[in-house]
Every structure is written in C-alpha cells, then in structure tokens.
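The basis for the numbers below is simple: all heavy atoms, side chains too, and nothing from hydrogens, waters or symmetry mates.
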Amino acid sequence: MNIPQTSYPRVVIIGGGFGGIALAKKLAKQEMQVVLLDKHNYHTFQPLLYQVSTGGLEPDSIAYPIRKILSKYPNFYFRLALVEAIDTAKKKVSTDIGELKYDYLVLATGSRTNFFGNKEIEANSMIMKTVPEALNLRSLILENFEEALLTDSLDEQDALMNFVIVGAGPTGVELAGALAEIKKGILPKDYPDLDTRRAQINIVQSGDTILKGMSDKASIKAEDFLEKLGVNVWKNTRVIGYDGDMVTTTTDLTFRTATLIWAAGVHGETVNGLDAKELLVPGNRIKVNQYNQVTGFDNIFAIGDVACMVTPDMPNGHPMVAQVALQQGAHLGDNLLRLIEKKGSMKPFAYHDKGTMATIGRNKAVVDLPRYKFQGFFAWFVWMFVHLFFLIGFRNRAVVFINWVYNYVRFDREARLIIRPYKKPKMKVNTMKQKKA
C-alpha cells in the first residue's frame with residue numbers, strides 16, 4: 001500500500017463514517033501513524049441521504065473528501081480499499097489493494113441494511129444507505145412518472161405512482177414526508193398531463209407505533225403530520241414478500257407497486273476474521289467491553305454501529321445512531337493515547353444522549369431532548385440547525401442552507417434530475433427452496 005515504515009505505532013481504522021473520522025481527528029496529530037481504509041474516498045452525512053433521493057440536494061452537498069478532512073495531519077494516510085479479511089494472529093489486514101500490518105486496529109465499519117433473511121425482498125426492493133443507492137432511488141422515482149405518462153392503463157399508472165416504504169423509523173418517516181411534499185407541490189407542475197393526485201405514499205410498520213424509541217408524544221404527532229400530508233400509515237402490518245410487482249403482508253393488505261423502499265432495519269457490517277459466533281451478538285454486532293475493546297483482544301477495537309457494548313443501562317447495546325459513533329470515536333482516541341503513551345489506565349465509555357429528532361416536512365418536525373420535547377415549526381428549525389452544524393465543510397453547509405431556503409421560498413426541488421438512468425430488474429426467488437435451505 002506504500003505506507004511508510006516508521007517508529008511510531010500504527011493505528012489502522014477501517015471505515016470513514018462518523019466514528020472513524022472522529023477517531024482519526026483525535027489521533028492524526030499525535031506521535032503515531034494513522035491509516036484509514038474505506039471503499040469510498042468520501043465521508044457521507046447519512047441523515048440527509050433521503051433528501052438526495054427525493055431531489056432536495058445533490059450528493060456533493062452531503063459528501064466530503066476524506067483526504068481533505070485530514071489533509072493537514074502529516075502522520076495520516078488514506079487508502080481507497082475494500083477490506084477482505086483480518087488476520088489477528090499476524091496482526092494484518094488484507095484488502096483488494098494489498099496487505100497492511102497494524103499495531104492497533106479499529107473497526108468503524110458501520111451497518112448495512114437488514115432484510116431479516118428475506119431474499120425476495122432483498123432482490124427486488126430499493127435501499128438507501130449510500131450515495132449511489134440514493135441516486136438510484138432518485139432516478140427510479142422520476143423514471144416511474146416518465147413511464148406512467150406513456151401507458152394508457154390506469155392499473156399500470158397506479159402501480160408506477162404507488163410508493164411503499166417499509167419501516168417507520170426516522171429514515172422511513174422523513175422519506176415519506178418528502179415524497180408527500182413532492183406529490184403536493186412539484187408533480188402537478190412537472191406532469192400536468194398526468195393525474196398525479198392518484199399517486200400514493202404508504203408507510204408500513206410492523207409494530208403499533210411509528211418512530212419507536214422516541215416519546216409517545218413525538219410518535220403521535222409525527223403520525224398526525226404524515227396523515228395531514230396524505231401519507232397512508234399502516235401499523236401492526238409486516239411485509240413478508242415483494243416480487244417486483246406485488247407486496248404481500250401478514251394481513252390481507254397487499255400493494256401493487258413498482259417501488260418498494262426498505263427502511264426496516266440494519267445490522268452490523270463485520271469483517272472476515274472478526275465474525276466468529278463467540279464475538280457476535282444479535283444484530284451481527286461485535287461484542288466489546290467498556291473501553292470498546294473487542295472481546296478477547298487487547299489491540300483490536302470496534303466503535304459505532306458495528307460495536308455492541310452491553311451495560312446495565314444498555315442491555316442491548318447502544319442505539320445505532322451517529323451520536324454514539326461520534327462519542328465513541330472521540331473517547332477511544334483519548335484512550336488509545338493513554339494506552340500507547342502509558343499515561344494511566346483507559347477510562348470506560350459513557351454515552352451522553354443528546355436527544356433524537358425527525359423531520360416530516362415543511363415546518364413539521366419532532367424533537368426529543370433530555371429535558372424538553374417539542375413539535376412543529378420550532379422543532380423543524382432546531383432540526384435544520386443541528387444538521388447544518390454537523391455537516392463537514394463550510395461549502396457543504398452553505399450549499400445545503402441555500403438549497404433549503406430556496407426550496408422553502410419556491411416550494412421546489414431543483415435536483416430532480418435523472419443523471420444516470422436506473423431500472424431494478426425483477427428477480428423471482430423460489431421461496432420454498434429458500435425455506436428448505
């Protein structure tokens with residue numbers, strides 16, 4: 001990989017998400033060599049991916065070059081690489097561009113979409129965890145309306161304009177709200193020769209509440225916001241199949257749709273060599289102690305979504321959100337300095353919950369802070385301020401802010417462009433064979 005040999009200890013970080021970047025910032029200016037590996041050369045601000053997929057923002061507004069983030073640190077190195085395996089005995093990482101020795105290894109690999117073993121849904125649904133996936137979804141949404149213009153069949157038009165979102169967490173709720181606003185304010189202007197009033201946005205939740213994990217007040221208000229926007233909210237309904245045309249559920253409810261968006265859960269993104277059963281907990285997360293050390297190892301750590309730190313307050317581990325990754329990354333940086341420089345023992349990690357929030361659309365958001373809970377316009381303003389604050393780079397903040405102001409004043413989304421056409425092929429899965437396997 002052409003990483004220089006040095007007398008400094010080498011810390012290898014796998015993953016350039018919130019946790020990996022926070023850790024690299026802490027360590028890169030110290031007397032140690034920091035190497036960050038990621039399959040993308042940019043950091044993605046994932047909370048705003050849904051705005052890319054619905055034409056509110058361009059992808060370069062929420063992505064930032066990893067090299068630029070840490071360019072001023074002389075002991076920092078980045079390599080664009082796909083990690084294939086870890087050899088813990090030889091303290092070596094194998095990637096598609098070569099091998100690299102480490103003194104300390106940190107997994108900040110994040111999470112990936114969890115389909116709960118349903119291969120048919122995995123094959124035919126759309127997901128939104130990365131920038132390319134968000135762009136694919138944006139293209140598919142717009143192409144559906146273009147295709148609806150070309151058919152005389154009302155059934156076909158309805159299927160093309162029917163969107164089903166599975167999962168009513170923050171991602172699903174925010175995406176549903178954005179699609180509802182597109183239906184209301186943009187589609188009638190873009191497609192005057194198409195009866196876009198028949199477009200349907202459905203959000204399906206297996207439980208009896210949306211925004212699980214937030215307060216009851218936030219959940220009730222968010223559902224009220226969605227219904228006022230015209231979103232159909234289906235609770236206590238679990239999606240069990242989608243063949244690319246028909247959605248089936250555990251009830252009598254079915255949907256004919258060309259687009260099913262899966263936002264029903266995630267699980268840890270582990271790496272070969274650290275995926276043994278004794279290291280994992282449900283959710284495919286790696287067991288770590290209170291210092292984020294992987295069980296059984298002194299020099300291997302895991303942070304963020306992929307790590308599961310069981311405590312009396314968190315029996316199932318910490319929530320898989322950005323704040324946990326940011327705090328664990330910064331905390332582990334301090335602990336590694338203590339460990340490497342032998343300046344006392346490491347300190348246990350303590351999570352400080354700064355609150356949860358979700359936006360449902362224009363002037364509509366819900367915010368749960370440790371002491372205060374509020375909804376509506378002020379919550380929407382707080383949501384915007386917080387997301388702007390955590391974006392990396394002045395340009396990105398300025399571009400996103402200008403876009404939001406423009407969209408608010410003009411009730412428009414300028415980025416509704418089909419840059420690269422996308423059509424997801426329908427794949428039939430033999431479910432009987434799958435069950436036997």
When rounded to the nearest 0.5 Å, the distance separating CD1 of I165 from OG1 of T257 is 10.0 Å
- Would one find more than 12 heavy atoms of other residues, nucleotides or ligands at under 6.0 Å from atom CZ of F115? yes
Got a list of side-chain donor-acceptor pairs under 3.5 Å for residues 270-277, not counting sequence neighbours?
{"unit_1": "T270", "atom_1": "OG1", "unit_2": "N284", "atom_2": "ND2", "d": "3.4"}
{"unit_1": "N272", "atom_1": "ND2", "unit_2": "E84", "atom_2": "O", "d": "3.3"}
{"unit_1": "D275", "atom_1": "OD1", "unit_2": "G273", "atom_2": "N", "d": "3.4"}

Does L135 form a side-chain contact (heavy atoms from CB on, under 4.5 Å) with V131? I'd like the steps, not just the answer.
CA-CA 6 Å; L135 287 173; V131 168; 4.2 Å; yes
Quick note, side-chain hydrogen bond (donor to acceptor under 3.5 Å, both in side chains) partners involving residues 149-165, not counting sequence neighbours, are E156-R256, Q157-R198, D158-R198, N162-N202
Polar side-chain atom of N403 near backbone of V399 as donor-acceptor pair, under 3.5 Å: yes
### Message
Determine whether L105 and F301 satisfy the following criterion, side-chain contact (heavy atoms from CB on, under 4.5 Å), listing intermediate values before the conclusion.
### Response
CA-CA 6 Å; L105 177 66; F301 302 80; over 6 Å; no
| message | Pairing donors with acceptors under 3.5 angstrom, does anything connect the side chains of S139 and K423? | response | no
Rounded to the nearest 0.5 angstrom, the CD1-CD distance for I286 and Q293 is 13.5 Å
Separation between CG (L280) and NE2 (H267), nearest 0.5 Å, reads 11.0 Å
Subject >> Y191 side chain to E146 side chain, donor-acceptor N/O pair below 3.5 angstrom >> reply: yes
Can you tell me if CZ on R410 sees more than 12 non-hydrogen neighbours from other groups inside 6.0 Å?
no
Should D334 and K26 count as an ion pair when the cut-off is N to O under 4.0 Å?
yes
**Study point:** Heavy atoms from other residues, nucleotides or ligands near CG of D216 exceed 12 (cutoff 6.0 Å)
**Key:** no
Backbone of L57 reached by a side-chain donor or acceptor of S61 within 3.5 Å: no
Contacts of R285 meeting salt bridge (Lys or Arg N to Asp or Glu O under 4.0 Å) (sequence neighbours excluded), chain-then-number -> none
Side chain to side chain donor-acceptor pair (under 3.5 Å) filter on N236, not counting sequence neighbours, yields none
Counting only heavy atoms not in F385 (residues, nucleotides, ligands), do more than 12 fall under 6.0 Å from its CZ? no
Salt bridge (Lys or Arg N to Asp or Glu O under 4.0 Å) filter on E143, not counting sequence neighbours, yields none
I97 meets the side-chain contact (heavy atoms from CB on, under 4.5 Å) criterion, sequence neighbours left out, with M1, R79, A81, T95
Between A178 and R413, the two heavy atoms sitting closest are CB-NH2, 3.9 Å
Q. Between R362 and Y408, is NZ or CZ placed under 6.0 angstrom from the six-membered ring centre and within 45° of the ring axis?
A. yes
Smallest heavy-atom separation, I303 atom then G329 atom, equals CD1-CA, 3.8 Å
Sequence neighbours excluded, the answer for salt bridge (Lys or Arg N to Asp or Glu O under 4.0 Å) partners of E133 is none
Item to complete: May I ask you to decide if K287's main-chain N or O and T295's side chain share a donor-acceptor pair within less than 3.5 Å?
Response: yes
Residues at least two apart in sequence or cross-chain that pass side-chain contact (heavy atoms from CB on, under 4.5 Å) with S219, listed by chain then number, are T209, I210
Contacts of P47 meeting side-chain contact (heavy atoms from CB on, under 4.5 Å) (sequence neighbours excluded), chain-then-number -> F18, F45, H387
For the backbone of R238 and the side chain of T250, can you confirm whether one donor and one acceptor N or O come within less than 3.5 Å of each other? yes
- prompt: For the residue pair Y64 and H43, is the inter-centroid distance of their aromatic rings smaller than 6.0 Å?
  reply: no
Interatomic distance, CD1@I203 vs OG1@T237, rounded to 0.5 Å, equals 12.0 Å
Residues L260 and I121: closest non-hydrogen pair is CD2-CG2, 4.3 Å
Residues passing the side chain to side chain donor-acceptor pair (under 3.5 Å) test with K25, sequence neighbours excluded, are none
_Derivation of the side-chain contact (heavy atoms from CB on, under 4.5 Å) call for L48 and V52_ = CA-CA 7 Å; L48 293 180; V52 173; over 6 Å; no
For V166 and W262 the tightest heavy-atom approach is CG1-CZ3, 3.5 Å
In terms of heavy-atom contacts, Y242 and S125 come closest through CD2-N, 4.3 Å
- Tell me, yes or no, whether the heavy-atom count around F381 atom CZ, taken from other residues, nucleotides or ligands under 6.0 Å, exceeds 12. no
Taking every heavy atom of A176 against every heavy atom of L226, the minimum-distance pair comes out as CB-CD2, 4.1 Å
Exactly one candidate in T44, L49, T113 meets side-chain contact (heavy atoms from CB on, under 4.5 Å) with K129; the answer is T113
Residues 176-189 vs side-chain hydrogen bond (donor to acceptor under 3.5 Å, both in side chains), sequence neighbours excluded, gives none
Hey, can you pull the donor-acceptor pairs under 3.5 Å for the side chains in residues 368-380, sequence neighbours left out?
{"unit_1": "D368", "atom_1": "OD1", "unit_2": "S215", "atom_2": "OG", "d": "3.1"}
{"unit_1": "D368", "atom_1": "OD2", "unit_2": "S215", "atom_2": "N", "d": "2.6"}
{"unit_1": "D368", "atom_1": "OD2", "unit_2": "S215", "atom_2": "OG", "d": "3.0"}
{"unit_1": "W380", "atom_1": "NE1", "unit_2": "G361", "atom_2": "O", "d": "3.4"}

Quick one: do E223 and K235 make a salt bridge, cutoff under 4.0 Å?
yes
Parallel under 30°, tilted from 30 to 60°, perpendicular over 60°: which one fits the rings of W404 and W383?
-> tilted
Would you please indicate yes or no on a ring centroid separation below 6.0 angstrom for H318 and F349?
-> yes
CG of L154 to CE of M161, rounded to nearest 0.5 Å, is 8.5 Å
- Query: With distance as the sole criterion, is a donor-acceptor pair present between the side chains of Y42 and D60 under 3.5 Å?
  - Reply: no
Interatomic distance, CG@L140 vs CZ@R138, rounded to 0.5 Å, equals 12.5 Å
Say whether T259 and N144, considering side chains only, have a donor N or O and an acceptor N or O under 3.5 Å apart.
yes
Quick one: does any side-chain atom of N232 pair with a main-chain N or O of Q200 as donor and acceptor, under 3.5 Å?
no
